[in-house]
Colleague: 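The structure is given below, and queries will be raised subsequently.
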Amino acid sequence: MDREWYDRNYPKYEDMRMQAKKDGNRLRYHLMPPAGWMNDPNGLCQFQGVYHIYFQYTPFLAGWGTKIWGHYTTRDWVHFREEEPFLFPDCVWDRDGVYSGCAFEKDGEIHYFYTGNVKLSDRQYDYIREGREQNTIHVKSSDGMTAQAKQLVLSHADYPKDMTKHVRDPKVFAKHGNCYLLLGARDKEDRGCALLFCSKDLEHWSYVQRIAPQEYFGYMWECPDLFTLNGKTFLLACPQGLPKKEHCCQNVYQCGCFTAKQDSQKGTYTLGEFKELDKGFDFYAAQTFEDEYGRRILLAWMGMPDAEYDNDVTACEGWIHALTMPRVLTVTDGKLLQNPLKEMEQLRRNKRHTTLRAFVCQETKDCCFELHLEFLEHARAMTLWLREDVMLGYQDGVLALCLGKSGCGRRKRTVCLKELRSFTVFSDTSSVEVFINGGEETMTTRVYSESLEQKVWFSDTDADAQVQWYDLDGYKMQWKLCK
């Protein structure tokens, strides 16, 4: 699918886009595809005051298909513009899909690095140890809108010899005057890891080391991201193949972070304990970037590959999946915290302030609200009904998110807490995001209620709390016109 093919076929799918935009499950303050399929956020950056959000995109099919990079821009995280797609699979290095990648600013230009997928079809392959090319491709842009010529900078011959054909998702960062590139990988012993490369010019890369714990930690790592915040270094990754536990690793794949320490002489990284970034149903492929205010911002795919639950409700309407709210990362007492970007406060209206004991019931016609609780004393038990069959319950140090029919197969996710001090719920038409104890934990899920006219109420609560409620407006999106 090159740009010419896309432009020629785009008008043919106007009815699909119109059908998608009329769907009652369209989210109000989350980024979604105009129609078709969305997954990983890519190339996140702020350039000359403009935030660029690229994403994995199948524009003409609400299912898995050939990927291009869709593109949104914003200056304030409230007013967004749909731009023309940025990258297409139009060369021999990426002919079967423009996969995930990053953006890196240098010398007044944006440098993009992404995985070009090539899937051989001349005979049968397992597509793990043979039959696939995962090429690392470099492309520059002076404005974030128009891509210059593609350059192949790494291919399988440049990766360690014990790697399978699964090496992908480059993330580039600068440190001590050098540029580094991180790739997620799977070796021939089916052990996941990250591969680190170094460059002076962003074109010629030399292999440095692999980063992985000594013990087995999944068979494949996707979407790695290494950054330092408040003097503490973190490695984000999506390990596949971790065993499920009672209160963690409950999803088919995980998305989380390690603490990382670098030996000052050898330069090698030692990884600390892995912590999931989100304990809900729909959170994967997180990517971070630093904006012009020095904030470390995170976006993730509000979805989960190969999950046993579904999103057929929206797929039937011509679209599927979305991105999470933008989250700012901070470190307090060595803990990585996630909280909504402050710009989200611009969506608030109709503030109500009361106590938990005085809170009777709130009715909402569109399920778009922000609900914040600050406990006056530590709660031992609490039940919050967010919708008719969506419940957030706390008992004996365990916070549970439970869904009924509206979960479309999603049932229960839990997180252990030493104490419950506060939480904030962001409810959108077909999603819920919960920030717990100042962002120490989060839980994210899609949810598909038959009606958006719902009631919110508490029961079985043994402590009082200050309650703040806001109705929330939606993003202001400028969609591009059909050609």
Colleague: Could Arg411 and Glu308 be called an ion pair, given the rule that one side-chain N must be under 4.0 Å from one carboxylate O?
Modeller: no
Colleague: Consider only side-chain N and O atoms of Asn42 and Gln56, and report whether a donor and an acceptor are under 3.5 Å apart.
Modeller: yes
Colleague: Indicate the ring-plane relationship of Phe227 and Phe234, choosing parallel, tilted or perpendicular according to the 30° and 60° boundaries.
Modeller: tilted
Colleague: Nearest 0.5 Å, what's the CZ-CD distance between Arg75 and Gln48?
Modeller: 9.0 Å
Colleague: Which heavy-atom pair separates Lys232 from Gly334 by the least distance, and what is that distance?
Modeller: CE-O, 3.2 Å
Colleague: Can you list the steps and then say if Glu189 with Asp162 is a side-chain contact (heavy atoms from CB on, under 4.5 Å)?
Modeller: CA-CA 8 Å; Glu189 294 184 355; Asp162 64 338; over 6 Å; no
Colleague: Do Phe86 and Ser141 come close enough that some side-chain heavy atom pair is under 4.5 Å?
Modeller: yes
Colleague: With ring centroids as reference points, do Phe60 and Tyr13 lie under 6.0 angstrom apart?
Modeller: yes
Colleague: Scan side-chain atoms only and decide if Tyr51 and Asp291 contain a donor-acceptor pair under the 3.5 Å cut-off.
Modeller: yes
Colleague: Answer yes or no for Lys480 and Tyr10: cation-pi contact, defined as NZ/CZ to six-membered ring centre under 6.0 Å and angle to ring axis within 45°.
Modeller: yes
Colleague: Do the side-chain N and O atoms of Asp158 and Trp205 include a donor-acceptor pair separated by under 3.5 angstrom?
Modeller: no
Colleague: Is the shortest side-chain N to carboxylate O distance from Glu343 to Arg295 below 4.0 Å?
Modeller: yes
Colleague: Counting C-beta onward and ignoring hydrogens, is there a side-chain heavy-atom pair between Leu87 and Ile137 closer than 4.5 Å?
Modeller: no
Colleague: Pick one: which of Lys150, Lys67, Arg168 meets salt bridge (charged side-chain N to carboxylate O under 4.0 Å, His left out) with Asp94?
Modeller: Lys150
Colleague: Are any of the side-chain nitrogens in Lys171 or Asp225 under 4.0 Å away from the carboxylate oxygens of its partner?
Modeller: yes
Colleague: Determine the interplanar angle of the Tyr99 and Trp64 rings, folded into 0 to 90°, and report it as parallel if under 30°, tilted if 30 to 60°, perpendicular if over 60°.
Modeller: perpendicular
Colleague: Which atoms form the tightest heavy-atom contact between Leu298 and Ala286, and what is the distance?
Modeller: CD1-CB, 3.9 Å
Colleague: State, yes or no, whether a side-chain contact exists between Phe289 and Leu299 at a heavy-atom distance under 4.5 Å.
Modeller: no
Colleague: Does NZ or CZ of Lys119 come closer than 6.0 Å to the centre of the six-membered ring of Tyr127, within 45° of the ring's axis?
Modeller: yes
Colleague: Quick one: are Tyr309 and Asn251 in side-chain contact, heavy atoms under 4.5 Å?
Modeller: yes
Colleague: Do Tyr284 and Glu222 have side-chain atoms, one donor and one acceptor, less than 3.5 Å apart?
Modeller: yes
Colleague: Look only at the side chain of Ser430 and the backbone of Arg446, and say whether a donor-acceptor pair between them is shorter than 3.5 Å.
Modeller: no
Colleague: Any ion pair linking Asp201 and Lys106 (charged N to carboxylate O, less than 4.0 Å)?
Modeller: no
Colleague: Could Glu441 and Lys275 be called an ion pair, given the rule that one side-chain N must be under 4.0 Å from one carboxylate O?
Modeller: yes
Colleague: Mark yes when over 12 heavy atoms from residues, nucleotides or ligands other than Lys412 sit less than 6.0 Å from its NZ; otherwise mark no.
Modeller: no
Colleague: Please report the interatomic distance OG1(Thr136) to CG(Leu183), rounded to the nearest 0.5 Å.
Modeller: 4.5 Å
Colleague: Would you say the side-chain atoms of Gln254 pair up with the backbone N or O of Glu276, donor to acceptor, closer than 3.5 Å?
Modeller: no
Colleague: Tell me whether the rings of Phe197 and Tyr159 are parallel (<30°), tilted (30 to 60°) or perpendicular (>60°).
Modeller: perpendicular
Colleague: Could you check, using the six-membered ring where one of them is a Trp, whether Phe258 and Tyr269 have ring centers closer than 6.0 angstrom?
Modeller: no
Colleague: Establish, from distance only, whether the side-chain atoms of Thr268 and Gln209 form a donor-acceptor pair under 3.5 Å.
Modeller: no
Colleague: Indicate the ring-plane relationship of Tyr72 and Phe55, choosing parallel, tilted or perpendicular according to the 30° and 60° boundaries.
Modeller: parallel
Colleague: If we only count heavy atoms from C-beta on, is the Cys255 to Asp278 side-chain gap below 4.5 Å?
Modeller: no
Colleague: Passes side-chain contact (heavy atoms from CB on, under 4.5 Å), Arg26 versus Thr429? Steps please.
Modeller: CA-CA 7 Å; Arg26 292 288 282 182; Thr429 51; 5.7 Å; no
Colleague: Quick one: sort the Tyr475 and Tyr29 rings into parallel, tilted or perpendicular, breaks at 30° and 60°.
Modeller: perpendicular
Colleague: Would Met38 and Ile320 satisfy side-chain contact (heavy atoms from CB on, under 4.5 Å), going step by step from the backbone distance to the final call?
Modeller: CA-CA 7 Å; Met38 168 189 275; Ile320 189 168; over 6 Å; no
Colleague: Could you check Phe80, Tyr54, Tyr112, Phe88 and say which one makes a ring-ring contact (aromatic ring centres under 6.0 Å, His included) with His71?
Modeller: Tyr54
Colleague: Name the one of Pro239, Cys257, Cys248 that satisfies side-chain contact (heavy atoms from CB on, under 4.5 Å) with Phe274?
Modeller: Pro239
Colleague: Going through the checks in order, is the side-chain contact (heavy atoms from CB on, under 4.5 Å) test met by Val92 and Val118?
Modeller: CA-CA 8 Å; Val92 295; Val118 176; over 6 Å; no
Colleague: Are the side chains of Glu133 and His156 in contact, using a 4.5 Å heavy-atom criterion?
Modeller: no
Colleague: Mind listing the closest non-hydrogen atom pair of Ala212 and Gly192 along with its distance?
Modeller: CB-O, 3.9 Å
Colleague: CZ of Arg129 to OG1 of Thr164: how many Å apart, nearest 0.5 Å?
Modeller: 6.5 Å
Colleague: More than 12 foreign heavy atoms under 6.0 Å from CD of Glu4: is that the case here?
Modeller: no
Colleague: Can you tell if the side chain of Met145 reaches within under 4.5 Å of the side chain of His52, non-hydrogen atoms only?
Modeller: yes
Colleague: For Glu292, does the CD atom sit with more than 12 other heavy atoms under 6.0 Å from it, leaving out its own atoms?
Modeller: yes
Colleague: Looking only at side-chain N and O atoms, does Ser406 offer a donor or acceptor that is under 3.5 Å from a partner on Asp389?
Modeller: yes
Colleague: Look at the aromatic rings of His138 and His111 and report parallel, tilted or perpendicular, splitting at 30° and 60°.
Modeller: parallel
Colleague: Tell me whether Glu450 is salt-bridged to Lys405, with the criterion being a basic N under 4.0 Å from an acidic carboxylate O.
Modeller: yes
Colleague: For Arg132, is there an ion pair with Asp96 - N to carboxylate O distance below 4.0 angstrom?
Modeller: no
Colleague: Is there a side-chain contact between Asp126 and Glu130 in this structure, where contact means two heavy atoms from C-beta onward sitting under 4.5 Å apart?
Modeller: yes
